[in-house]
Protein chains: 2
Amino acid sequence: MAVNLEPPRAEDLLTISGVRLGVARAGVRKPNRKDLLVVALDEGSRVAGVFTRNRFRAAPVLVCKEHLNGELPIRALVVNTGVANAGTGDSGLRNARAVCAAVAQHLDIEPTQVLPMSTGVIMEPLPVDRIEKGLPDCIEDLAPGHWVSAAEAIMTTDTVSKEAAVSRGGFTVGGMAKGSGMIHPDLATMLAIVTTDYPLAPGEPIEFLRPAVDESFNSISVDGDCSTNDAVVLLANGASAIERTPATDLAFAAALRKTCRELAEQIVADGEGVTVLAEITVTGAADDGQAKAIARRIATSALVKTALFGRDANWGRVLMAAGSAPYNGGYAEVDVDRMTLSYNGSVVLERGAPMGVEPDVSGTTCTIGLDLGIGTGTASYLTSDLSYDYVRINADYRT
Amino acid sequence: MAVNLEPPRAEDLLTISGVRLGVARAGVRKPNRKDLLVVALDEGSRVAGVFTRNRFRAAPVLVCKEHLNGELPIRALVVNTGVANAGTGDSGLRNARAVCAAVAQHLDIEPTQVLPMSTGVIMEPLPVDRIEKGLPDCIEDLAPGHWVSAAEAIMTTDTVSKEAAVSRGGFTVGGMAKGSGMIHPDLATMLAIVTTDYPLAPGEPIEFLRPAVDESFNSISVDGDCSTNDAVVLLANGASAIERTPATDLAFAAALRKTCRELAEQIVADGEGVTVLAEITVTGAADDGQAKAIARRIATSALVKTALFGRDANWGRVLMAAGSAPYNGGYAEVDVDRMTLSYNGSVVLERGAPMGVEPDVSGTTCTIGLDLGIGTGTASYLTSDLSYDYVRINADYRT
């Protein structure tokens with residue numbers, strides 16, 4: 001089961017000049033499915049990436065970081081599904097580099113100009129030979145309009161492909177993502193590729209990407225687990241050639257945030273076992289950091305999530321979670337007598353006083369608003385419920 | 001469902017001279033159940049308490065801390081079930097103090113010499129009148145041998161009462177606890193009262209209690225949620241009159257740890273929905289703090305816990321969790337190439353190399369041993385699986 005978001009479909013994705021995509025059926029792990037994607041970038045592109053903070057990082061993540069820190073500009077991405085190339089040690093690194101070298105040869109660039117991304121099962125060797133054999137099809141397929149098939153090619157346990165695009169005065173931001181949210185038994189959970197024709201100088205993409213990721217991919221929770229392969233990449237090639245002003249920079253930052261946010265929502269909504277999407281918004285915290293700590297604690301509480309599944313506005317659990325949000329070695333600051341809590345706009349607690357209200361939480365979306373009445377810190381988090389299906393899928397995965 | 005631990009039963013509990021217990025059916029929330037306990041201590045007793053770190057603390061916890069920090073020695077405990085007196089603001093504090101005053105009057109002591117403890121539903125006012133009416137029965141019932149009925153009187157959603165006792169050369173440590181582990185819908189989860197006739201000076205009980213609690217109640221996880229009323233109290237009256245030496249101090253510390261540990265195990269085993277008890281032991285960490293952070297992260301991972309329910313030694317999930325253990329604002333140090341991991345003694349990964357072994361995890365207990373190969377830090381954590389019943393109980397609680 002998954003919540004139907006009616007997301008912006010691929011038709012809305014606008015072609016971005018200078019970005020070409022090509023897919024192939026390489027048979028990485030299973031036959032007859034699109035499982036290999038190459039994204040080729042024209043010269044002058046700027047690329048930034050944000051990667052998993054898990055200490056147990058997959059080989060492609062390590063190689064991406066190495067190549068992003070290298071001398072030469074990034075000119076291509078290669079993404080395979082099926083095998084995550086995680087937990088594969090030195091041979092995993094060699095395999096990731098071999099794939100980069102093969103792509104580079106086809107595109108007449110250097111291997112360090114290629115970013116490799118992999119998703120799928122862990123602890124299995126990457127079948128480099130199959131990927132190499134699939135590459136000519138990818139290269140032949142390269143075209144600016146191939147967003148739909150590209151978004152499909154990066155799916156693993158996803159039930160729908162995930163795309164988002166925003167067009168503003170003179171420029172476009174478009175992206176695709178994969179991630180099956182809570183079910184992810186193979187751990188190599190989330191990839192997102194976001195492209196834009198907005199002109200950015202070297203070093204600038206990461207400055208725009210980090211805050212956008214913080215407010216989107218880093219503000220969603222399905223089961224609180226952090227994968228080994230998570231990666232978000234921004235490709236900016238300036239093809240729009242619009243003249244930058246502080247106003248266009250703000251518009252670009254907002255468009256990037258919106259694109260990332262929509263992709264993140266699609267990931268949570270597609271989680272197997274998800275029956276409710278819930279947005280937790282915390283206001284009035286001592287500062288933004290404490291607001292985020294509290295929002296995250298509520299969003300990841302098993303008691304809050306099972307209550308969401310039961311369509312129960314069991315707000316005592318929200319208070320309990322808010323009171324135990326780890327922050328700076330202790331807990332974030334709360335005072336129950338100042339708290340105001342609402343479900344779907346219905347206030348259940350006003351400055352510590354229960355209102356005797358039973359809000360309607362029977363739908364597939366739910367907003368929980370908690371004002372702490374202490375300061376001006378705010379944060380929000382998108383989460384899902386914890387259902388029988390979540391337990392079934394994750395308990396039965398290998399049996 | 002609950003795992004049958006065959007715990008030490010009440011018959012094993014030895015009477016501790018100078019500690020008298022009395023219970024009553026006060027009808028705090030439901031009629032005809034033991035729901036009120038008074039523990040009276042002879043003069044010369046030393047008392048220490050460790051309380052919930054949740055910022056949202058119940059009124060009795062606040063009053064306990066006040067009285068423990070007061071001038072006069074503690075001479076009595078009063079415990080009620082049914083209503084937790086949590087989230088009740090100033091009137092909750094007044095009610096907790098009123099109960100102390102009533103107990104003090106019966107025992108001819110001062111109100112600040114009484115520690116109040118409450119467990120049950122939150123956000124409801126404490127029915128002080130019913131408690132006052134029940135007190136004469138408690139006082140009349142006071143006797144050193146009433147451990148069994150006392151342990152029953154503090155049960156809420158528990159399915160079995162929880163007691164433990166250890167007798168060593170010349171002294172005894174005995175305790176009781178309540179806590180229904182993962183199901184706890186009313187949040188006021190855990191109480192434990194531990195008594196001893198070992199002689200301790202003022203200020204010493206807390207020094208012995210803190211490390212014992214760290215290795216027991218603070219090293220168990222059912223759903224990672226931290227309640228508003230958690231409290232562990234140590235009552236020491238020196239009635240054994242044995243002569244203290246460094247050796248007896250060590251023996252007492254070990255006995256206290258064993259008692260706390262057995263009570264903590266009984267709490268996890270009694271969690272509704274629990275079908276497996278798992279002990280996570282981390283060795284070879286950079287230091288003990290990082291070992292504990294990693295053990296806790298594994299013990300609270302929804303993916304690890306659903307795999308336990310599925311009787312699946314899905315060890316990739318353990319690695320994933322180990323790699324993302326929050327520590328000091330980042331993650332605890334791990335290196336997959338140095339990791340050795342075993343289930344029930346079967347090594348599945350040896351210094352990063354998969355062994356191709358499929359361990360038997362079909363039982364109701366499971367030990368997961370992770371050696372990080374980095375330093376000498378160690379820690380262990382007791383946890384349970386995440387089952388359909390957990391979701392059912394917590395989703396259906398109010399509906």
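Letters A, B, ... mirror the listed sequences (proteins, then strands); counts begin at 1.
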S.K.: Taking the side chain as every heavy atom from C-beta outward, state whether B/Asp360 and B/Ser346 have any pair of such atoms under 4.5 Å apart.
M.R.: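 No, every pair of side-chain atoms sits at 4.5 Å or beyond.
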S.K.: For residues 324-336 of chain B, which residue pairs qualify under salt bridge (Lys or Arg N to Asp or Glu O under 4.0 Å), counting only residues two or more places apart or in two chains?
M.R.: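 Found B/Asp335-B/Arg338.
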S.K.: Output the option from A/Val336, A/Asn328, A/Asp90 having the highest count of non-hydrogen pairs under 4.5 Å with chain B.
M.R.: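 Max contact count across the listed options: A/Val336.
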S.K.: Which answer fits A/Ala332, side chain, backbone, both or neither, if we ask what part of it has an atom under 4.5 Å from a heavy atom of chain B?
M.R.: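 Contact with chain B: backbone only.
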S.K.: Less than 4.5 Å apart, any side-chain heavy atom of A/Thr383 and any of A/Thr300?
M.R.: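 A/Thr383 does not reach A/Thr300 side chain to side chain.
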S.K.: Would you mind checking which part of A/Leu349 comes under 4.5 Å of any heavy atom in chain B, side chain (CB onward), backbone (N, CA, C, O), both or neither?
M.R.: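 Answer is side chain: those atoms of A/Leu349 sit under 4.5 Å from chain B.
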S.K.: Mind jotting down which residue pairs meet the salt bridge (Lys or Arg N to Asp or Glu O under 4.0 Å) criterion with at least one end in residues 283-296 of chain A? Sequence neighbours excluded, please.
M.R.: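 Listed once each, the pairs would be none.
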